[in-house]
*Asks:* 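My structure is below; once you've seen it, I'll send some questions.
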Protein chains: 2
Amino acid sequence: MTDEKRHAEEAASQHRPRAKRRTRQRSIIQRVLLEANRPLSPHDILQAAQATAPGLGIATVYRAIHTMITEGLLVAVEIPGEAPRYETAGKEHHHHFQCRTCDDIFDIQGCPPAIQQLAPKGFRLEGHQVVLYGVCPPCTGMPA
Amino acid sequence: MTDEKRHAEEAASQHRPRAKRRTRQRSIIQRVLLEANRPLSPHDILQAAQATAPGLGIATVYRAIHTMITEGLLVAVEIPGEAPRYETAGKEHHHHFQCRTCDDIFDIQGCPPAIQQLAPKGFRLEGHQVVLYGVCPPCTGMPA
DNA sequence: CCTTTATTAAGAATAAATTCTCATTAGTCA
DNA sequence: TGACTAATGAGAATTTATTCTTAATAAAGG
């Protein structure tokens, strides 16, 4: 490709960034989320990732989260009264358990069957969310 | 009671406020919540109450909410990703529906039966919350 | 290796919800 | 009615989560 052509294409692309770069920080953040296998808060991610990347900043965590959501690698998990957590995308339909002792969120499989019948007449039901509360195994004193 | 005795008791009470006063504003706020019969946000309450009390301030709404929660008249309703709503206390166990069009929250009666079985082994289940999402009757174009 | 420029770290800045401050108003009780 | 002081209104201040700014760093391609 000639320089002329390349410059023309760049002009047409409206200054779109050339390409996403695979950075050390982003790889570490992605690994943290994969290995946790449960929803993590930005602060959780920062803590865990700093074990491998000591100087990591919180802004980078937020940027990575946004990028990964855009790329379809991550989804937000909203829990009542809490800031959002994030978990890897692509899991099948499931719900969550929050430990009242450590506040951590865990995935639970299964879904209450008769949930369709709960919507009163006149309400169009499109989705639902179940959150269980209690104490997780580590916090009950059980071994992991 | 003599002045001496009264003063002694007051001193012993550690400057505890003498008594709650029944104010116009607080009565109006209470009535708004009773008549809504569904969870309202502080801003919702302000809007509705200002119809009767034009100069009402948001700080007063927050103060009234705290007072009423302390008195056991109100409970907080937490919805994922949303600021808390408040509804009158004393209702029996129930869950909530959020309209994706107007964002309003509605009470729904009933509770999925098999919810106990969802907690995996090792997790101590103490409570749960179900939120349904969809479109409420007014927003589907149905008459109230 | 060198250039280009996306990405980062750090801290400042924002946004939204809630709380505080203080002068003024208004319940309550004698 | 009058005194006492809790409650209010208005705006400033705070809090917490998130986003922006900027100089410095480090991927990626040649």
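Within every chain, numbering begins at 1; the chains are lettered A, B, ... in the order of the sequence lines, protein sequences first and strands thereafter. Both backbone and side-chain heavy atoms feed into the values below; hydrogens, waters and symmetry mates do not.
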*Asks:* Tell me: CD1 of A:I28 to P of C:dT7, nearest whole Å?
*Replies:*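 These atoms are roughly 16 Å apart.
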*Asks:* Quick one: B:I65 CD1 to C:dA17 P, roughly how many Å, whole number?
*Replies:* 13 Å
*Asks:* Does D:dT25 have its OP1 or OP2 closer than 4.0 Å to a side-chain nitrogen or oxygen of A:Q25?
*Replies:*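 Answer no for this pair, as no side-chain N or O of A:Q25 is under 4.0 Å from OP1 or OP2.
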*Asks:* Please check the phosphate of C:dA26 (OP1 and OP2 only) for any side-chain N or O of B:R22 closer than 4.0 Å.
*Replies:*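 No.
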*Asks:* Quickly work out the B:R26 CZ to C:dT25 C1' distance and round it to whole Å.
*Replies:* 14 Å
*Asks:* What is the distance from CD1 of A:I58 to C1' of D:dT16, rounded to the nearest Å?
*Replies:* 12 Å
*Asks:* With a cut-off of less than 4.0 Å, is there a side-chain N or O of B:T23 near OP1 or OP2 of D:dT8?
*Replies:*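 Affirmative; the distance criterion is met.
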*Asks:* If I take atom CG in residue A:L56 and atom P in nucleotide D:dA26, what distance separates them, rounded to the nearest angstrom?
*Replies:*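 Interatomic distance, CG of A:L56 to P of D:dA26: 13 Å.
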*Asks:* Rounded to whole angstroms, how far apart are CD1 on A:I29 and C1' on C:dT8?
*Replies:* 10 Å
*Asks:* Report which part of the nucleic acid A:P54 touches: base, sugar-phosphate, or nothing (heavy-atom distance under 4.0 Å, all strands).
*Replies:*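 If one applies the 4.0 Å heavy-atom cut-off, A:P54 turns out to touch nothing in the nucleic acid.
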*Asks:* For D:dT19 and A:Y62 - does any side-chain N or O of the residue sit under 4.0 Å from the phosphate oxygens OP1/OP2?
*Replies:*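 So the side chain of A:Y62 is outside the cut-off, no N or O lying under 4.0 Å from OP1 or OP2 of D:dT19.
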*Asks:* Cut-off 3.5 Å, side chains only: do B:R26 and B:T23 have a donor facing an acceptor?
*Replies:* no
*Asks:* Within less than 4.0 Å of OP1 or OP2 of C:dT7, is there a side-chain N or O belonging to A:R24?
*Replies:* no
*Asks:* Can you check whether B:R63 has a side-chain N or O nearer than 4.0 Å to OP1 or OP2 of D:dA7?
*Replies:* no
*Asks:* Just the rounded figure in Å: distance from P of C:dA17 to CD1 of B:I45.
*Replies:* 14 Å
*Asks:* Confirm from the modelled atom types if A:R21 and C:dT5 form a donor-acceptor pair under 3.5 Å, side chain to base only.
*Replies:*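 Indeed, a donor on one side and an acceptor on the other fall under 3.5 Å apart.
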*Asks:* Does B:H66 place a side-chain N or O at less than 4.0 Å from the phosphate oxygens OP1/OP2 of C:dT18?
*Replies:* no
*Asks:* Measure from the side chain of B:T60, starting at C-beta and using heavy atoms only, and say which of C:dT7, D:dA17, D:dT8 lies closest.
*Replies:* D:dT8
*Asks:* Just checking B:F106 against A:F123, ring centres under 6.0 Å apart?
*Replies:*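 Between B:F106 and A:F123, the centre distance is under 6.0 Å.
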*Asks:* Quick check for you: among C:dT7, C:dC20, C:dT18, whose closest atom lies nearest to any side-chain atom of B:A83?
*Replies:* C:dT18
*Asks:* For the residue pair A:H95 and B:H128, confirm or rule out a side-chain donor-acceptor distance under 3.5 Å.
*Replies:*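 No, B:H128 and A:H95 have no side-chain donor paired with an acceptor closer than 3.5 Å.
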*Asks:* Can a donor-acceptor pair be found, under 3.5 Å and without considering hydrogens, that links the side chain of B:Q129 to the backbone of B:E78?
*Replies:* yes
*Asks:* Give me the atom names and distance for the closest heavy-atom approach of A:G122 to B:T140.
*Replies:*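 For A:G122 versus B:T140, the nearest heavy atoms are O-OG1, 4.3 Å.
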*Asks:* Output the rounded distance in Å from CZ (B:R85) to C1' (C:dT18).
*Replies:* 15 Å
